[in-house]
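What follows is a short report on a single structure.
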Amino acid sequence: MPGPTMAGSKTEKYVDTKRKDDIRYANMVAAKAVADAVRTSLGPRGMDKMLSTATGDVIITNDGATILDKMEVVQPAAKMLVELSKSQDIVAGDGTTTVVVLAGALLKQCLNLLGKGVHPTTISEALHKASEKAVEVIKSMAIPVELTDQDQLVKIASTSLNSKVVSQYSSLLAPLAVDAVLNVRDLDRPESVDLRDIKVLRKLGGTVDDTEMVKGLVFDHKASHTAGGPTRIENAKIGLIQFQISPPKTDIEQSVIVSDYTQMDRILKEERNYILGMIKKIRATGCNVLLVQKSILRDAVTDLSLHYLAKAKILVIKDVEREDIEFISKTLNCLPIANIEHFRVEKLGYADLVEEVPVGNGRVVKVTGIKNMGRTVSIIVRGSNALVLDEAARSLHDALCVIRCLVNERFLIAGGGAPEIEVSRQLGIWSRSLHGMESYCVRAFADAMEVIPFTLAENAGLNPIAIVTELRNRHANGEVNTGINVRKGQITNILEENVVQPLLVSTSALSLATECVRMILKIDDIVSTR
Amino acid sequence: MGQNGELFKPDAMEEKGERARMASFIGAMAIADLVKSTLGPKGMDKILQSTGRGHSVTVTNDGATILKSLHVDNPAAKVLVDISKVQDDEVGDGTTSVVVLAGELLREAEKLVALKIHPMTIIAGYRMAAECARNALEAGVRNHKDDLERFRSDLVNIAMTTLSSKILSQDKVHFANLAVDAVLRLKGSSNMESIQIIKKCGGALKDSFLDEGFILDKKIGVGQPKRIENAKILVANTAMDTDKVKIYGARVRVDAMSKVAEIEAAEKIKMKNKVEKIVAHGINCFVNRQLIYNYPEELFADAGIMAIEHADFDGIERLALVTGGEITSTFNDPENVKLGHCKLIEEIMIGEDRLIHFSGVALGEACTIVLRGASSHVLDEAERSLHDALCVLVATVQDSRVIWGGGWPEFLMARRVEELGRKTPGKKSLAIDAFATALRAIPTTIADNAGLDSADLVSQLRAAHSEDGSRAGIDVISGEVGDMEKLGIYEAFKVKQAVLLSATEASEMILRVDEIIKCAPRQREDRM
């Protein structure tokens, strides 16, 4: 008996086509659920989410990418939406919620279309065409922006910050973000900005108001105090070392054999002399600030060497990570030194002031007035509690990204749902000139676009239907820049209100969301594999 | 199980005769049905969800990838998985077609077996049919090897046909040209290694580009030149820390701290000597597979040499290949080391990442395709699709015969096979007819997947093919019968031939089976 039944269950794995529709449906419903989860955090009046992670940490955020990242979804299609938000984060850095909400709306329309028996690939192709047309429409609305126009840039950064917890500080953070990005802009490559040249430091204590940008270098460590070394040095000569000031240690295993008491004394003395010799060499170059790279094999500095360094009036910052070395050497315009024999004057960096300052409950070391400083900046973000602090840092990151987008593509468009309504309207008109299924699908795409103004209005506590219909009406009358003014709760010319966003954020949200939805549409089965 | 108990181990299974055949038919057809829906330009995708750790997700349309990762228990199904794998290795494309065709052949064979026709007769009929189909296919080829311009347009068309069933279909013109350019750079060699594919998240698919030269996803050491012209490159695989005594327990005994310091200094000197030896090669770029530590890095920086550490194995092998150098690990003999050369090394930015770009490399064939896309799923799938296209193109460059696609070859073959069937007396003719029916199943599936009325289309096509020299095939976009020449739907002869022959062989093999013996699985401790 057991033989045949076992064989039967293993071989007869015939997949019925009926199941495929179910899988597609299930995928889309799951993905839509993800989109619904972040829907309420869209826009300036959007709400925040509190996430309690597996490790018990609590995060409060409004940032779509962060919410989705921490949600730990397992359904494969839902995971794709999480990925989508991550991609938007990489491309544009902002609009991570928008992109997911948009994908959710598209999926909803697709479900309708599938219910009417339209073939998924037909929908997929029509969506692609519609998204290309939509990008065209948005591009036609774009207004060029000059990077020299600081005011304009600040306005754009403010729009991004306004939807965050820290919106009341946007007047402070926005200029800061603009300043930071413009400072690190590489003049040889005007089209790109590397955000890794902006170091963001989080320090608990104070309020977000105390956030500041330092044109120089900030270390999140305090200077070494153990032996009473100096904490403030003017006219600093800074050495960045990758070797250790501690008793020698060889790669080969070794042991020192001590046979009697006198020898022990001698060894101690030798150790002292050895370290002193090193410090003398350092001192000889006039170096008075030492940055020591962390070492895993042995102590980077010992109590003894710190003592001597303190006596030599050298400020020491230890435990510098290897990854930071490049950033530091770029900023200070100095070269890292990996051997005491190479400790030469030309490898040092110069700064007017190196000073340890108390920030909140900790201390940081600031290096300012750096000679021939590289194109980097540091920002110290402050916040009254860890949650606010993290959210402030995330919001700042978004603002930085927004400015970076503008450096990449120097166009901006109106915010407040204006471009979406315009796309919806124009695609609606366009769909009438098409035939068959395509026309129907483009129409659905146009309807899906209205989700952004709809949600914006809803989250702001306005009547979404009234708002969206009025917006449509205004746009039909040729006022393409009218959008929802959430603060006033009415419809105005959004450009006059300075609610603007970079073109890249909108176009990439549109095309990425469409790409993702098309991918989900084309899936008809989930196969489990090893 | 009673009577088996004496012959086999307790858990072993034995199936005989009809049962065994049914089991393998059903298994093979189930596999074919699973991938069937991915066939053709409007085929669907599958999510592959790993049951292993991390539950990683892959979205794909590639038959070989789907089948490779399946849990398959049925022996006949495994045969189909294998032919798909072989197809992937041999020609790179047609991995789904081969499985679907084999499945259809078996489906037809099942009907014949039910009519009490001996499997060997079916096999003989299939063989004759396959031979005839191959000849028909060969008669239908066109060859533009001598006419460079037309050959190129053939290649572009083939690439577009291959890509149209994949994720890249929207940008197929862009990618087809990209793939053709890359393959033509190879100048007839089949060395796919010199085409490097780099995936970078961000941007859209159409931002992908072909770059002459080589891109290494690494960083240049601190304080070293970021741009080198006329570079001389030494590619090495060597440990840059001190050479350790490998004998276990070796240790040095000293009696003073200064001696320890001396040893340390000696170790440093050894490192320095090594670096000096490397520098003595007269190079200005040093690429090492292993880590370069801080100290040597500084020495290199002092010598004005660009040092790149921790390049992956694949990377350095390829780099050595394209720059014409050799991977070295000893440096005592500078004269006899072959250095790599290139015109320019510089740092470039793609998306948010910095990469090192080697241009003007010695091996002119080398090039890099940088893929951009929304997510890692898209990128992985794009890479698979592009890989398929490249494989087909390489195969076509070697065997420049092309045929039309869109179901055209299947109908042509089916017609010839049917003619053969009419002439053949005996039971074999039934098998030959069955073969023709199986061939037509492929265009039927393509039409079905596109949501078209397959019965109508197939009958129309059949009528169209009753004339000699017809170019009719399925135009999936408009849903009608179309002229394949005008639509530019081309396929490589080599791919189609491989599909035909290996599907026939596989079905033959499965047909021959009349007994399955499954050995007792090995017991594991952690079995549920």
Side-chain angles (χ1 to χ4, degrees), chain A residues 2-3 6-7 10-15 20 74 76-77 79-80 83-84 86-87 90-91 119-122 128 192 194 242 247-257 263 266-267 270-271 274 325-326 329 335-339 342 511-512 515-516 519 522-530, chain B residues 1 13 15 23 26-27 30 33-34 37 42 44-52 55 57 59 66 69-71 73-74 170 201-204 222-223 241-242 244-245 250-258 260-261 263-264 267-268 294-295 297-298 301 349 351-352 374-378 450-451:
Chain A
M6 265 177 76
K10 273 182 181 167
T11 51
E12 284 171 22
K13 254 191 196 163
Y14 183 72
V15 186
K20 290 177 178 166
V74 286
K79 257 190 192 168
M80 290 172 67
E83 287 270 329
L84 168 71
K86 267 188 212 158
S87 318
I90 293 170
V91 177
H119 196 273
T121 44
T122 318
H128 181 75
S192 66
D194 193 348
Q242 293 180 304
K249 187 179 168 200
T250 55
D251 281 342
I252 194 166
E253 216 175 322
Q254 43 89 3
S255 53
V256 182
I257 296 174
Q263 273 184 338
R266 181 170 60 84
I267 285 169
E270 271 178 2
E271 185 183 329
Y274 179 80
I325 293 283
E326 183 160 10
S329 77
L335 286 171
I337 305 160
N339 187 354
H342 293 227
S511 44
L512 289 179
E515 207 167 292
C516 178
M519 201 146 173
K522 278 191 85 183
I523 292 161
D524 73 341
D525 207 351
I526 298 179
V527 184
S528 57
T529 62
R530 309 171 239 259
Chain B
M1 280 305 260
M13 277 191 296
E15 286 180 68
I26 289 171
D33 284 339
L34 180 76
S37 68
K42 291 211 173 173
M44 293 292 146
D45 296 355
K46 307 268 174 205
I47 288 188
L48 305 179
Q49 189 172 33
S50 136
T51 48
H55 294 276
V57 171
V59 180
I66 299 171
S69 35
L70 276 182
H71 288 291
D73 198 37
N74 184 294
Q170 291 302 335
C201 253
V222 181
D241 54 347
T242 17
K244 283 196 186 100
V245 183
R251 54 165 60 196
V252 184
R253 283 175 196 278
V254 286
D255 57 1
M257 191 58 85
S258 57
V260 181
I263 295 174
E264 198 192 17
E267 282 175 347
K268 283 254 160 83
N294 296 332
Y295 178 58
E297 185 175 301
E298 192 196 355
M349 270 189 94
E352 281 201 351
S375 68
S376 55
H377 299 155
V378 176

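To find a chain, count down the sequence lines: A is the first, B the second, and so on, and within it residues start at 1. Every heavy atom of this structure was used, including side-chain atoms; hydrogens, water molecules and symmetry mates were not.
- Atom CE of Met44(B) is separated from atom CD1 of Ile523(A) by 10.5 Å, given to the nearest 0.5 angstrom.
- For the residue pair Ser37(B) and Asp524(A), the shortest heavy atom distance occurs at OG-OD2, 2.7 Å.
- The side-chain contact (heavy atoms from CB on, under 4.5 Å) test applied to Ser511(A) returns no partner, not counting sequence neighbours.
- With rounding to the nearest 0.5 Å, the separation of CG in Asp525(A) from CG in Asp45(B) is 11.0 Å.
- Partners of Glu271(A) by salt bridge (Lys or Arg N to Asp or Glu O under 4.0 Å), not counting sequence neighbours: none found.
- In terms of heavy atoms, Ala450(B) sits closest to His119(A) at C-NE2, 3.6 Å.
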